[in-house]
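Values below: all heavy atoms of this structure, side chains included; hydrogens, waters and symmetry mates excluded.
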Amino acid sequence: RRSINMNELFGRNMKFVLRVCIVFIILSAKAYAQSPVSFQVKAGAGIASMWGKNTEENAKFAYKVGVGMEYGFNKTWALQSFLNFASKGANEDGKDLGKATVNMLYLELPVMLSARLHLTETSNLVISGGPYMSYGVGGKTSVDVWLPIPSSTGLQKVHQKYKLNTFGSITDGNMGCKRFDAGVGLGIAYEYRRIVVGLEGQLGLVKIHDGFSDLIDMKELEDNALKNLSAFVTIGYKF
C-alpha cells in the first residue's frame, strides 16, 4: 500500500484552489465587462443665474461635483442618474440702490435618458435629457446697499453691508429662498475610452423666491418670482 505524502497532497490541493480562484477572477471580470451597469465621477464649472418675469439677474460663477450610475438598455439607450453637490445663484444689480450676490448650495439628483451615438471604436457622442430635483443645504447672500437716511441737510445715502442665510423665511432675517427646486436638464458629452467631456444646462421650473409677497400681499410682487438657470462644462471618468 502506497503511503500518503502530506506535502504532495497539500501541494495538489493548493494547485486546485489556485486554479479555481483564477477561473473565478476571469469569469467575474468578464461578467463585469458585460454588465449593463457602469459608474462615473465628474466635476464641472460654469455659470448660474435666475429667470422670471420682471427680473434682471446677472450670472455668477458656479460649480458641481458628483458621482453617478448608468444602466444600459442596449448599445444606444441608457438611463443615467447622478448625486451632485452643486452651487447656483445669481448677481443682482440694483443700480443706485446697491447690489447683491446670492449663493446657493444644493444636493441634486438628475435622472437622464441618454442616446449614445458610436463615432469610432473608442469614442461616442452622448445626448441626454430628463428631470432633476434638488434640495438646498446652505449658502449665504451678500447685500451691499445705499440707504437714504434723513438728516438736517436732507436725505443722505449711508453705505451698509449685510450677510444673510440664503434659505429661510424673510421674517426670520433670511433671504427667503426655498430649499426645494426641480426642473429639466439637457446635456451633450463626448466619450473617449473612459474620459467624458460634456456640456450641461438646467432650467428650473419651481419658484425658489416669491419676491416679497410673504411680507406684502400684492399681485405685482408675484410676477417677480425667481427660478434657477445654470450651464456647466464638465469632465468625468467612467469605471
> Name the orientation class of the two ring planes belonging to Tyr237 and Phe239 (parallel below 30°, tilted from 30 to 60°, perpendicular beyond 60°).
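Rings of Tyr237 and Phe239: perpendicular, as their planes differ by over 60°.
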
> Could you walk me through whether Leu117 and Asn124 satisfy the side chain to side chain contact (heavy atoms under 4.5 Å, CB included) test, starting with their C-alpha distance in whole Å, then the side-chain angles of each, then the deciding distance to 0.1 Å, before giving a yes or no?
CA-CA 6 Å; Leu117 308 178; Asn124 306 296; over 6 Å; no

> For the CG atom of Asn91 and the CG atom of Asn103, what is their distance to the nearest 0.5 Å?
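One gets 8.0 Å once the value is rounded to the nearest 0.5 Å.
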
> Quick one: side chains of residues 180-188, donor-acceptor pairs under 3.5 Å with protein atoms, not counting sequence neighbours, listed by atom name and distance.
residue: Asp181; atom: OD2; partner: Tyr132; partner atom: OH; Å: 2.9
residue: Asp181; atom: OD2; partner: Asn228; partner atom: ND2; Å: 3.1

> Applying a strict under-4.5 Å side-chain criterion to I, L, V, M, F, W and Y, I'd like to know whether Ile235 and Leu199 cluster together.
no

> Check whether Phe82 and Phe232 end up in the same hydrophobic cluster, where Ile, Leu, Val, Met, Phe, Trp and Tyr are linked by side-chain heavy atoms less than 4.5 Å apart.
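Hydrophobic grouping puts Phe82 apart from Phe232.
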
> Could you tell me whether the side chain of Ser81 reaches within less than 4.5 Å of the side chain of Met69, counting heavy atoms only?
no

> Hey, what do you get for CZ (Arg194) to OH (Tyr192), rounding to the nearest 0.5 Å?
13.0 Å

> Search all heavy atoms of Lys207 against all heavy atoms of Ala225 and return the closest pair with its distance.
CD-CB, 3.7 Å

> Is the shortest heavy-atom distance from the side chain of Leu119 to the side chain of Leu125 under 4.5 Å?
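Result yes, sub-4.5 Å side-chain heavy-atom pair found.
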
> Nearest 0.5 Å please: distance from the OH atom of Tyr63 over to the OG atom of Ser87.
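Tyr63 OH to Ser87 OG: 5.0 Å, rounded to 0.5 Å.
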
> Would Leu226 and Glu57 satisfy side chain to side chain contact (heavy atoms under 4.5 Å, CB included), going step by step from the backbone distance to the final call?
CA-CA 9 Å; Leu226 301 173; Glu57 305 298 317; 4.2 Å; yes

> With sequence neighbours left out, write down each residue that passes salt bridge (Lys or Arg N to Asp or Glu O under 4.0 Å) with Lys238, or none if nothing qualifies.
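Checked Lys238 against salt bridge (Lys or Arg N to Asp or Glu O under 4.0 Å); matches are Glu191.
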
> With rounding to the nearest 0.5 Å, note down the distance linking CD in Gln80 to CG in Leu113.
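With rounding to 0.5 Å, CD (Gln80) is 9.0 Å from CG (Leu113).
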
> Considering non-hydrogen atoms only, spot the tightest contact between Leu105 and Phe167 and give its length.
O-CE1, 4.0 Å

> Do Lys42 and Val197 pass the side chain to side chain contact (heavy atoms under 4.5 Å, CB included) test, and can you show the C-alpha distance, the side-chain angles, and the key distance before you say yes or no?
CA-CA 9 Å; Lys42 71 176 178 180; Val197 179; over 6 Å; no

> Check whether any side-chain heavy atom of Gln40 lies under 4.5 Å from a side-chain heavy atom of Val196, and answer yes or no.
yes

> Less than 4.5 Å apart, side chain to side chain, heavy atoms only: is that true for Val143 and Thr141?
yes

> Hey, what do you get for NZ (Lys227) to CH2 (Trp51), rounding to the nearest 0.5 Å?
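Nearest 0.5 Å value for the NZ-CH2 distance: 4.0 Å.
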
> Could you pull out the closest heavy-atom pair between Ile170 and Gly176, with the gap in Å?
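Smallest heavy-atom distance, with atoms named: CG1-CA, 3.7 Å.
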
> List for me each residue that meets salt bridge (Lys or Arg N to Asp or Glu O under 4.0 Å) alongside Glu108, sequence neighbours excluded, and say none if there are none.
Lys64, Lys88

> If you measure from the Lys or Arg side-chain nitrogens to the Asp or Glu carboxylate oxygens, is any gap between Arg193 and Glu121 under 4.0 Å?
no

> Give the cluster check for Val37 versus Val111: same hydrophobic cluster or not, with ILVMFWY residues linked at side-chain heavy-atom distances below 4.5 Å.
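Yes; Val111 is reachable from Val37 via cluster members.
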
> Would you say that Phe73 contacts Leu79 through its side chain, given a criterion of any heavy-atom pair below 4.5 Å between the two side chains?
yes

> Among Asn165, Thr101, Thr166, whose side-chain hydrogen bond (donor to acceptor under 3.5 Å, both in side chains) with Lys140 holds?
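It is Asn165; the other options fail the test.
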
> Hydrophobic clustering (ILVMFWY, side-chain heavy atoms < 4.5 Å, transitive) - are Tyr135 and Val65 grouped together?
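Yes; Tyr135 is reachable from Val65 via cluster members.
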
> Decide yes or no on side chain to side chain contact (heavy atoms under 4.5 Å, CB included) for Lys75 and His118, but give the supporting numbers first.
CA-CA 9 Å; Lys75 292 184 178 181; His118 302 281; 3.9 Å; yes

> I need the Met112 CE to Glu70 CD distance, nearest 0.5 Å.
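Going from the CE atom of Met112 to the CD atom of Glu70 covers 12.0 Å.
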
> Does the side chain of Phe85 come within less than 4.5 Å of Leu107's, by heavy atoms?
yes

> Would you call Val102 and Met104 a side-chain contact if the rule is heavy atoms closer than 4.5 Å?
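Yes; the side chains approach each other to less than 4.5 Å.
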
> Which heavy atom of Tyr190 sits nearest to which heavy atom of Ser123, and what is that distance?
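The pair with the smallest heavy-atom distance is OH-CB, 3.4 Å.
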
> Assess the residue pair Glu92 and Lys60 against the criterion (salt bridge (Lys or Arg N to Asp or Glu O under 4.0 Å)); give the C-alpha distance rounded to whole Å, side-chain angles, the decisive distance to 0.1 Å, and a yes or no.
CA-CA 10 Å; Glu92 183 174 358; Lys60 66 176 289 291; over 6 Å; no

> Taking the side chain as C-beta and beyond, is there a heavy-atom pair between Asn84 and Glu200 under 4.5 Å?
no

> Just checking Tyr71: does its OH atom have more than 12 heavy atoms from other residues, nucleotides or ligands closer to it than 6.0 angstrom?
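Counting other residues, nucleotides and ligands, OH of Tyr71 stays at 12 neighbours or fewer.
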
> Please name the pair of heavy atoms, one in Ala78 and one in Arg116, separated by the smallest distance, quoted to 0.1 Å.
CB-NH1, 4.4 Å

